[in-house]
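What follows is a short report on a single structure.
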Amino acid sequence: MSAYFRPTAKVVSATALGAGLAYTGYRYWNTTHFYFNTAHAESLPSDSTAALKKMDWKGFTELKLVQAEMVNHNVKRLTFALPDDQSITGLSPITSLLTRHTPEGAFIPVFRPYTPVSDNDLAGTVTFMVKKYPNGKGSGKMHSLKPGDSMKFKPLHEFDYKPNQFSHITLIAGGSGITPLYQLTRSILNNPADKTKLALVYANNTEEDILLRKEFDELAQQYPDRFQRLYTVSKLSSSTDGQVQQGYVSKEMLAKVMPHKLKEANTKVLVSGPPPMVEAVAGAKGGFGWTQGSIGGILGELGYSKEDVHKF
Ligand SMILES: Cc1cc2nc3c(=O)[nH]c(=O)nc-3n(C[C@H](O)[C@H](O)[C@H](O)COP(=O)(O)OP(=O)(O)OC[C@H]3O[C@@H](n4cnc5c(N)ncnc54)[C@H](O)[C@@H]3O)c2cc1C
């Protein structure tokens, strides 16, 4: 330290405070900059029911929780009321809703996206399935809400999809990463004009963790020529019904549900799950999770390129 500059206690604490505020501002900007730049208001599809009012998504919209129930040991199904019973979210797939709340005593708001599992043209309510993480700021807040409590939401468009854009889509999900893929599956299969074929490989720790299984099984029964699914878990229970495989997502599992000629033109693979699973299947995302990164993992070995794959 220079002999000409002897900082007083005041100078030291002012510098520390300045650095602290600068860091806080930087973190706040980093979080909000990403979300505000990617989130944008949705427009209704032209064939939507004209009588229904679309939500006003210009900013964050406050919605009241009307129902909450645990669906397994750590996942809650949360239903929020839209402004009136004629409102629909009108979101196009795949769009999540970014939540915003400021924890008590904190200065920086917390932003986390959750993907509706209710249909985007359902009037009156919107429903999410939220997995609680230990000390999770976003999931902890969502799980703490009681009917009558509110949360702020804003659309965050994740992936552009146009009907019949691809001939086949392979969906690879882990845990609560299933929700964006469920939204797309329902929107494709419920659209009679969309002929896209879908295959799902869904990995979890245990059978109890498999979310929306009844819903996926019903879709597979309803559309046997267009939708196949394969569930796999790390730990099989003794009472397994035999429909679930054991182990991490593998080349062999993908070969069972992907097009026979593994890399066909006009196919897409969507991968959504915890970072270690995404990395093993498709290579790690880049830029601390903000960019797609290069293709690696199983899909890399199978010859898939960056254009063929989207990582959530
Ligand atoms: C587009 C998109 C859609 C999403 N939709 C849903 C949804 O519908 N339902 C849902 O439950 N979640 C969804 N998520 C995840 C959600 O946004 C949060 O990341 C998640 O709830 C954890 O946030 P947190 O604040 O509770 O945990 P944090 O406070 O961020 O982290 C708490 C602890 O949990 C660990 N952790 C955080 N996230 C994960 C993870 N994914 N896998 C393993 N460990 C983790 C952290 O390492 C940390 O130790 C979605 C994410 C994205 C990007």
Side-chain angles (χ1 to χ4, degrees), residues 27 30-32 34-35 37-40 42 63 65 68-80 89 91-104 106 108-120 126-145 151-161 171-186 202-205 209-212 215-216 234 248 270-282 284-293 310-312:
R27 289 291 304 270
N30 245 356
T31 319
T32 53
F34 169 74
Y35 285 127
N37 276 339
T38 47
H40 60 262
E42 288 297 305
L63 302 178
L65 184 75
E69 49 168 352
M70 291 300 289
V71 297
N72 66 22
H73 62 111
N74 59 10
V75 176
K76 232 176 193 179
R77 187 192 293 268
L78 299 161
T79 299
F80 292 83
T89 65
L91 303 170
S92 61
I94 299 175
T95 302
S96 304
L97 292 182
L98 184 65
T99 62
R100 186 185 89 187
H101 81 282
T102 307
E104 227 178 276
I108 305 170
V110 172
F111 298 87
R112 295 286 186 274
Y114 295 98
T115 315
V117 293
S118 49
D119 289 342
N120 294 333
V126 59
T127 298
F128 303 88
M129 292 184 95
V130 177
K131 175 176 172 180
K132 188 170 191 294
Y133 288 93
N135 305 318
K137 292 190 188 80
S139 59
K141 174 69 182 175
M142 290 291 266
H143 272 240
S144 76
L145 296 175
M151 180 52 114
K152 292 191 177 79
F153 297 96
K154 183 183 170 84
L156 179 68
H157 195 60
E158 288 292 334
F159 179 77
D160 267 328
Y161 174 76
L171 311 163
I172 305 171
S176 56
I178 193 68
T179 55
L181 307 188
Y182 178 69
Q183 189 185 84
L184 182 69
T185 302
R186 282 196 66 85
Y202 184 21
N204 278 286
N205 288 326
D209 295 318
I210 303 174
L211 299 179
L212 299 160
E215 288 81 351
F216 279 119
S234 306
Y248 291 143
L270 306 182
V271 188
S272 175
M277 190 210 89
V278 173
E279 183 171 353
V281 169
K285 290 187 79 175
F288 301 102
W290 303 128
T291 65
Q292 286 288 301
H310 182 87
K311 306 173 202 171
F312 286 81

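Computed over heavy atoms, backbone and side chain alike; hydrogens, waters and symmetry mates excluded. Owing to the predicted nature of the structure, the values given are computational and were not obtained by experimental measurement. When a ligand or atom number is given, it counts from 1 through the structure's own listing order.
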Check your understanding: Is there a protein heavy atom at a distance of less than 4.0 Å from atom 49 (O) of ligand 1?
Key -> no
Practice item. Counting heavy atoms only, name the option from Ser176, Ser272, Ser96, Pro113 that's nearest to atom 14 (N) of ligand 1. Key: Pro113
Check your understanding: Under 6.0 Å between the ring centres of Phe80 and Phe153?
Key -> yes
Exercise for review: Rounded to the nearest 0.5 Å, what's the gap from CZ on Arg112 to CE on Met151? Could you check?
Suggested key: 10.5 Å
Review point. Do you see a protein non-hydrogen atom under 4.0 Å from atom 5 (N) of ligand 1?
Key: yes
Check your understanding: With distance as the sole criterion, is a donor-acceptor pair present between the side chains of His143 and Asn74 under 3.5 Å?
Key -> no
Practice item. Examine Pro275 against ligand 1 and note whether any of their N/O atoms are separated by less than 3.5 Å. Key: no
Review point. Can you tell which of Thr127, Leu97, Thr89 makes a side chain to side chain contact (heavy atoms under 4.5 Å, CB included) with Pro116?
Key: Leu97
Review point. Around Phe159, counting heavy atoms of other residues, nucleotides and ligands shown, do more than 12 lie under 6.0 Å from its CZ?
Key: yes
Point to revise | atom 46 (C) of ligand 1 within contact range, any protein heavy atom under 4.0 Å | key: no
Review point. Backbone or side chain, does any N or O of Gly138 fall under 3.5 Å from an N or O of ligand 1?
Key: yes
Check your understanding: What residues, two or more places apart in sequence or in another chain, satisfy side-chain contact (heavy atoms from CB on, under 4.5 Å) together with Thr115?
Key -> Ser96, Thr179, Pro180, Gln183
Check your understanding: Taking atom NZ of Lys285 as the centre, does the number of heavy atoms from other residues, nucleotides or ligands within less than 6.0 Å exceed 12?
Key -> yes
Practice item. Report yes or no: does a heavy atom of Pro134 sit under 4.0 Å from some atom of ligand 1? Key: yes
Revision key, fill the gap. In this structure, atom 11 (O) of ligand 1 is nearest to the protein heavy atom Lys131 N, 2.8 Å
Check your understanding: Nearest protein heavy atom to atom 9 (N) of ligand 1, by residue and atom, and its distance?
Key -> Met129 O, 2.9 Å
Review point. Would you say Lys76's side chain and Val130's backbone share a donor-acceptor pair under 3.5 angstrom?
Key: no
Point to revise | atom 23 (O) of ligand 1 - nearest protein heavy atom and its distance | key: Arg112 NE, 3.4 Å
Study note, to complete from the structure: Logged contact type for Glu158 with ligand 1, heavy-atom cut-off 4.0 Å, is side chain
Review point. Which of these, Phe128, Tyr133, Phe111, has its nearest heavy atom closest to atom 39 (C) of ligand 1?
Key: Tyr133
Revision key, fill the gap. Logged contact type for Lys132 with ligand 1, heavy-atom cut-off 4.0 Å, is neither
Review point. Nearest protein heavy-atom contact for atom 8 (O) of ligand 1: which residue, which atom, what distance?
Key: Thr179 OG1, 2.7 Å
Practice item. Would you mind telling me if ligand 1 is within reach of the side chain of Thr115, the backbone, both or neither, using heavy atoms under 4.0 Å? Key: both
Check your understanding: So which heavy atom in the protein is nearest atom 29 (O) of ligand 1, and how far is it from that ligand atom?
Key -> Lys137 N, 3.0 Å
Exercise for review: Report the nearest protein non-hydrogen atom to atom 26 (O) of ligand 1: residue, atom name, distance rounded to 0.1 Å.
Suggested key: Ser139 OG, 2.5 Å
Review point. Short question: side chain of Ser139, backbone of Tyr133 - any donor-acceptor pair under 3.5 Å?
Key: yes
Check your understanding: Considering only protein heavy atoms, which is closest to atom 21 (O) of ligand 1, and at what distance to one decimal place?
Key -> Tyr114 OH, 2.8 Å
Point to revise | Identity and separation of the nearest protein heavy atom to atom 31 (O) of ligand 1 | key: Gly136 CA, 4.4 Å
